[in-house]
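The figures here come from the full heavy-atom set of this structure, side chains too, leaving out hydrogens, waters and symmetry mates. Throughout, protein chains are lettered first and strands after them, A, B, ... in sequence-line order, and every chain is numbered starting at 1.
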Number of protein chains: 2
Amino acid sequence: MEYTVQKLGRLAGISARTIRYYDEIGILKPARISSSGYRIYGQKEVDLLQQILFYRELGVDLDSIKKIVTAPSFDGAKALREHHIKLLAKREQLDILIKNVEKTIALTEGRIEMTDSEKFEGFKQKLIEENEAKYGKEIKEKYGDDVIDKSNAYLNNMSKEDFDRMNSLSEQVLETLAEAVKTGDPSGPLGQKAADLHKQWISLCWGHYNKEAHANLAQMYVDDERFTAYYDKVQPGAAVFLRDAVKIYTSK
Amino acid sequence: MEYTVQKLGRLAGISARTIRYYDEIGILKPARISSSGYRIYGQKEVDLLQQILFYRELGVDLDSIKKIVTAPSFDGAKALREHHIKLLAKREQLDILIKNVEKTIALTEGRIEMTDSEKFEGFKQKLIEENEAKYGKEIKEKYGDDVIDKSNAYLNNMSKEDFDRMNSLSEQVLETLAEAVKTGDPSGPLGQKAADLHKQWISLCWGHYNKEAHANLAQMYVDDERFTAYYDKVQPGAAVFLRDAVKIYTSK
DNA sequence: TATTGACATTGACGTAACGTAAAGGTGTAA
DNA sequence: TTACACCTTTACGTTACGTCAATGTCAATA
């Protein structure tokens with residue numbers, strides 16, 4: 001898949017200006033320049049951008065990021081493991097901040113007392129490092145599954161952003177489906193991924209989910225020509241493929 | 001307890017310069033100035049600074065923070081409860097990012113496949129969150145919770161046929177709207193048809209209908225840029241056109 | 001008492017990571 | 001061929017401070 005600046009921006013949730021800026025400072029250069037001067041980005045650049053955004057999320061400045069990712073010794077897989085540890089630490093700090101606000105609410109209700117210092121717990125970076133030193137690998141074992149479960153739970157109780165999320169999910173369904181159809185295997189990982197995304201979309205639309213209704217809906221996509229057209233426009237045969245993928249998905 | 005700039009900074013984990021800057025922009029003024037010109041902060045200022053840092057943590061810019069905390073209607077306790085909700089949402093987003101990095105690690109190990117879009121899950125969400133921080137509150141204040149909650153309650157109990165009809169209706173709304181906008185006349189037959197289709201769509205989504213809520217929702221389409229973008233992508237100015245058409249439709 | 005060193009003050013300029021606007025070329029669908 | 005949404009470069013604007021610089025203050029110590 002190839003991307004222009006705006007497409008890549010939409011994919012990653014950043015502006016086209018940001019992508020041009022990243023080119024300007026030499027942190028993310030396009031794979032090639034089209035005959036008309038357009039920046040074209042490919043798979044390698046998508047993956048690098050993901051790395052960059054992980055670092056950015058963790059508060060690393062772009063100059064440092066540049067040095068890190070352009071270093072010949074840069075090890076992407078190792079970096080990801082470090083991101084993981086840092087993100088877990090960030091979560092710990094966020095938990096402290098959440099406790100802080102809960103305590104402060106209790107304070108306003110006169111239920112407890114608090115020192116001034118306590119009122120700023122979770123803001124200080126220092127605490128992050130302490131936590132990181134204290135725990136480390138244990139955190140992963142402790143939170144590993146829990147984290148994944150929570151991420152899934154997220155989809156069920158987001159409320160105000162449903163409209164937006166629905167749009168983005170349906171886009172994802174189409175995107176995944178487009179790639180999945182090429183594999184020709186509805187039971188494969190991509191096919192099942194598409195079915196899973198589709199399930200998530202349904203859950204959001206209906207507020208609940210059950211397998212039978214899901215399978216029925218997928219069948220309808222094949223029976224109703226309007227829906228068939230909707231899905232087939234991304235790839236011929238996509239509606240049938242999705243129905244088959246969902247049939248497998250819901251039967252296991 | 002009284003604090004000078006540096007002491008307060010150490011307490012809160014920020015620099016003395018930051019505290020002076022907050023004085024400069026009028027966001028946190030000292031309780032008094034000592035005989036030698038030193039800024040002296042007291043209990044009230046400590047609590048206000050805590051509030052400011054909560055907002056800052058949630059990505060609110062200082063200018064907005066100033067407007068919020070200096071507003072005569074500012075309710076500290078209520079603000080804390082909002083902080084709590086937003087921080088929990090932030091944690092959910094962080095969990096998505098953590099899940100993302102875990103999945104990406106699995107990808108490098110060849111255990112799973114991932115779409116490009118998946119590689120940016122948890123980053124994008126942040127944009128939505130920021131958007132919501134910016135606009136969500138205003139929208140709620142202006143239109144009340146029920147407008148959003150109702151559009152969210154969306155389809156708890158919808159049959160397959162309803163779902164089918166809903167999808168085709170929303171398509172028809174967009175289609176009709178696209179042509180209606182070209183006429184330039186919201187009160188014309190096409191404009192009114194779009195409004196009527198929109199009414200049917202709402203009736204289906206909400207399970208009921210009333211004119212006031214309809215007009216409010218249409219107004220929201222103009223005020224909230226996410227909705228505006230959704231309608232304007234079919235035709236620039238479509239959101240405004242639809243609002244006008246609905247205004248006329250609901251007033252007769 | 002004089003000195004030291006860590007604090008405070010007000011400018012004022014620097015900077016990171018973009019946003020935004022201007023002026024123009026490109027791709028494609030109607 | 002006209003519209004329109006995309007692309008380009010250039011360039012100045014903005015936010016939230018960091019970082020001197022020049023100067024005054026406070027508390028402890030030699």
### Message
Tell me every residue that passes side-chain hydrogen bond (donor to acceptor under 3.5 Å, both in side chains) with S34(A), counting only those two or more places apart in sequence or in another chain.
### Response
S36(A)
### Query
Near DNA chain C, which residues from residues 24-50 of chain A have a heavy atom under 4.0 Å away?
S36(A), Y38(A)
### Query
For the pair made of OH in Y3(A) and P in dC7(D), what is the distance, rounded to whole Å?
14 Å
### Task
For the pair T70(B) (side chain) and K66(B) (backbone), establish whether a donor and an acceptor sit closer than 3.5 Å, ignoring hydrogens and angles.
yes
### Query
Ignoring hydrogens and geometry, is there a side-chain-to-backbone donor-acceptor pair from E102(A) to H84(B) under 3.5 Å?
no
Enumerate the protein-to-nucleotides 1-3 of chain D contacts in which both atoms are nitrogen or oxygen and the separation is below 3.5 Å.
none

### Task
Look at the side chain of K90(A) and the backbone N and O of E57(A), then say whether any donor-acceptor pair between them is shorter than 3.5 Å.
yes
### Task
Please answer whether the main-chain N or O of I40(A) pairs with a side-chain N or O of E2(A) as donor and acceptor at a distance below 3.5 Å.
no
### Residue-level proximity of residues 14-22 of chain B to DNA chain D when a heavy atom falls under 4.0 Å
S15(B), R17(B), T18(B), Y21(B), Y22(B)
### salt bridge (Lys or Arg N to Asp or Glu O under 4.0 Å) partners for K29(A), two or more places apart
none
#### Entry: Range on DNA chain C touched by chain B, heavy atoms, distance below 4.0 Å
dC7(C) to dA12(C)
### Exam field: side chain N100(A) to backbone K119(A), donor-acceptor pair closer than 3.5 Å
yes
